[in-house]
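First the structure, in the form of structure tokens, and then the observations on it.
Just so it is clear: chains get the letters A, B, ... in the order the sequence lines come, proteins before strands, and each one is counted from 1. Nothing here was measured: the structure is a model prediction, and the numbers come from that model.
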Amino acid sequence: MGPLLIWALRMVDDFAEDILTAWADSRQLRERAEQTCGSSESKAALDAYLGDLLACGLRLPTFSHAGQRAVANTYIAGITGASVSQVNSRLRRTTWLDYKLQFPGPCPLPTPIRGRIDGQPWTEHLDYAEIAGLMRHLGTACFIALSFLTGMRPGEVLGLRSGCCPDPDEGRPLIHGHVFKSARDEDGNHVSQGQMREVPWVAIPPAATAIRVLERMAPDGGLLFDAAAHDFPLHRPYPGSLSRATVTKRVEDFITWASALATASNRAREAIPADPHGAVGTERFRRTLAWHIARRPGGLVALAIQYGHMRTAVSSGYASRSRDGIHDLLDVETARATADALATLHEDLAAGTGVSGPAARRAIHAAAHAPAFAGSIRTARQARDILRNPTLAVHDNPHAFLMCVYNRDKALCHRLDTRDTPTLNRCVSTCANIARTDHHAAQLTAQAGALEEQAASGLVPVPLADRLRGRAAAFRDLVHQHHNARITTQENPV
DNA sequence: CACTCACTTATTATCACCTA
DNA sequence: TAGGTGATAATAAGTGAGTG
């Protein structure tokens, strides 16, 4: 699955409970601070708290405000029971201004962290100063999850109302929405509220979860993306749903945030790459999602799983709807990725690059057709023609350092089901669909070198080092095989 | 201690332009 | 011609810090 979706779904499935609870806690803290009138007892409590801080050298709760560290007055007032102005006047003394710069600290909320990534808490604590931003990201994550998993247009997602996805007695839950686009009444007049969609969307579980999360953020019976409800922490009285421009901005912010979190938790691989199309627009957002799924290393893996899943889950219910859904975009992006892979292969072959492997000849044959359609894929029909053409089924798989020239009858990745796409995360090294170019061999050599270096560094335990050396040897063996068996188009014209 | 200031932030509104 | 896109202006409100 694309990194963007991984993080959106983590947010919706695993972190939502913590964030919603922490938000309620932070509101309570704030309310307490605001309603407290200064008294001598509250001042004593504040002095005791500050005295402890000073005596133990603990850090002072601060947050980033206007580009510098600022004392979190409201937070301190909330946890000590003092009034905000008492905190304000006390901490204005130069002692504390110095202390603030010397020992700036976070504003941890008491909320327990239940969400996990690989069994580890996803964060140490939730911060009073950051929780509003997290609520914002949570709403965005729900939007991303819904957009992708249902294929709805952004306008349709934003028009959903609380209660639009009732728990079904049996079968899959359905999402009932409003259709804004060209919604007209019987006289042909434009209906601004849109009309109830007669064919509902099928909600696979994570989409239904996203709606449940949103229902806890939105007013009862109101819009799920009510602009005022989603304006944290101010809740300014905006009418209607979040606007398109705002959602665009939020998605960009979400990407930045998730990438930072991925890097911070040693998951740099899951950082979300920059979209070459530039900023992510809302309508183009679906295209971007398709791009992420189809193009990323491992993206085709996700495509095979996720898309295959969606096909079976969704298309039976409303096949006619899939015409204007995200399926077309996925088809187009997948076909473009395939065309790119073929065009690159074609150029490489022309430059004398060698190919090896049981599927080498089929790869060369496919590449010969590449220039005919490279860059010309615009419609979903063209895309599907390419994807259906068995002679063009070439999938680059950088994870396994190979190309899969897919032929269902020869595939080892799934012998039991009969799908039209390979399962790239289950590549089998003896598969008859494998082809390798000199580039793959070079990557293997580089990877083997990296593994050997790691094994020799002394930083890993001996048994692990042995395993690393074993893998490196296997890689070098593959390179050796490649150089013995490689063929080029110059010697073997097709 | 109350008030005001300056700064920041997130949002909507509106315009001109593109495109199928 | 409708609808989408991108840039920019306008708006409103919270916040810590400064002032009397």
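Remark: A/R212 pairs with A/D167, A/E215 by the side-chain hydrogen bond (donor to acceptor under 3.5 Å, both in side chains) rule, at least two apart or across chains. Shown here are the side-chain hydrogen bond (donor to acceptor under 3.5 Å, both in side chains) partners of A/W23, two or more places apart in sequence or in another chain: there are none.
Atom-to-atom, CZ of A/R250 to C1' of B/dA10 comes out at 8 Å; the value is rounded to the nearest Å. Taking atom NE2 on A/H235 and atom P on B/dA10, their separation rounds to 14 Å, with Å as the unit. Between A/E130 atom CD and B/dT9 atom P there is a gap of 14 Å when expressed in whole angstrom units. Summarising the geometry, the separation between CG on A/D231 and C1' on B/dT8 is reported as 14 Å, rounded to the nearest angstrom. The nearest whole Å value for the distance from the CZ atom in A/F225 to the C1' atom in B/dT11 is 16 Å. Atom CZ of A/F254 and atom P of B/dA10 are 16 Å apart (whole Å). A/R90 has its CZ atom 17 Å from the C1' atom of B/dA2, to the nearest Å. What separates NE2 of A/H230 from C1' of B/dT12 is a distance of 16 Å, to the nearest Å.
From A/T209, atom OG1 reaches atom CG of A/L214 across 11.0 Å, with rounding to the nearest 0.5 Å. Summarising the geometry, atom OG belonging to A/S259 is positioned 7.0 Å from atom CD1 belonging to A/I255; distances are rounded to the nearest 0.5 Å. Once rounded to the nearest 0.5 Å, the distance linking CZ of A/F254 with CG of A/L261 reads 9.0 Å. In this structure, the separation between CG on A/L158 and CG on A/L224 is 10.0 Å, given to the nearest 0.5 Å.
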Produce the list of close N/O pairs, under 3.5 Å, pairing protein atoms with atoms of nucleotides 10-15 of chain C; give distances to one decimal.
residue, atom, partner, partner atom, Å
C/dT15, OP1, A/R30, NH1, 3.2

Are there any protein N/O atoms within less than 3.5 Å of an N/O atom in nucleotides 18-20 of chain C, and if so, which ones and at what distance?
residue, atom, partner, partner atom, Å
C/dT19, O4, A/R92, NH1, 3.2

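When each of B/dA10, B/dA2, B/dT12 is scored by its nearest atom to the side-chain atoms of A/R136, the top-ranked nucleotide is B/dA10. Nearest nucleotide to the side chain of A/Q86, out of B/dT12, B/dC1, B/dT11: B/dC1.
Heavy atoms of A/S241 sit under 4.0 angstrom from primed sugar atoms or phosphate atoms, though from no base atom.
For residues 130-146 of chain A, the salt bridge (charged side-chain N to carboxylate O under 4.0 Å, His left out) pairs, not counting sequence neighbours, are A/R136-A/D253. Within the structure, the salt bridge (charged side-chain N to carboxylate O under 4.0 Å, His left out) test picks out the following pairs touching residues 43-62 of chain A (sequence neighbours left out): A/D47-A/R90.
With A/H230 as reference, A/L242 is the one residue of A/L242, A/V247, A/T246, A/T140 to meet the side-chain contact (heavy atoms from CB on, under 4.5 Å) rule.
Considering only side-chain N and O atoms, A/S243 lies nowhere under 4.0 angstrom from the phosphate OP1 or OP2 of B/dT11.
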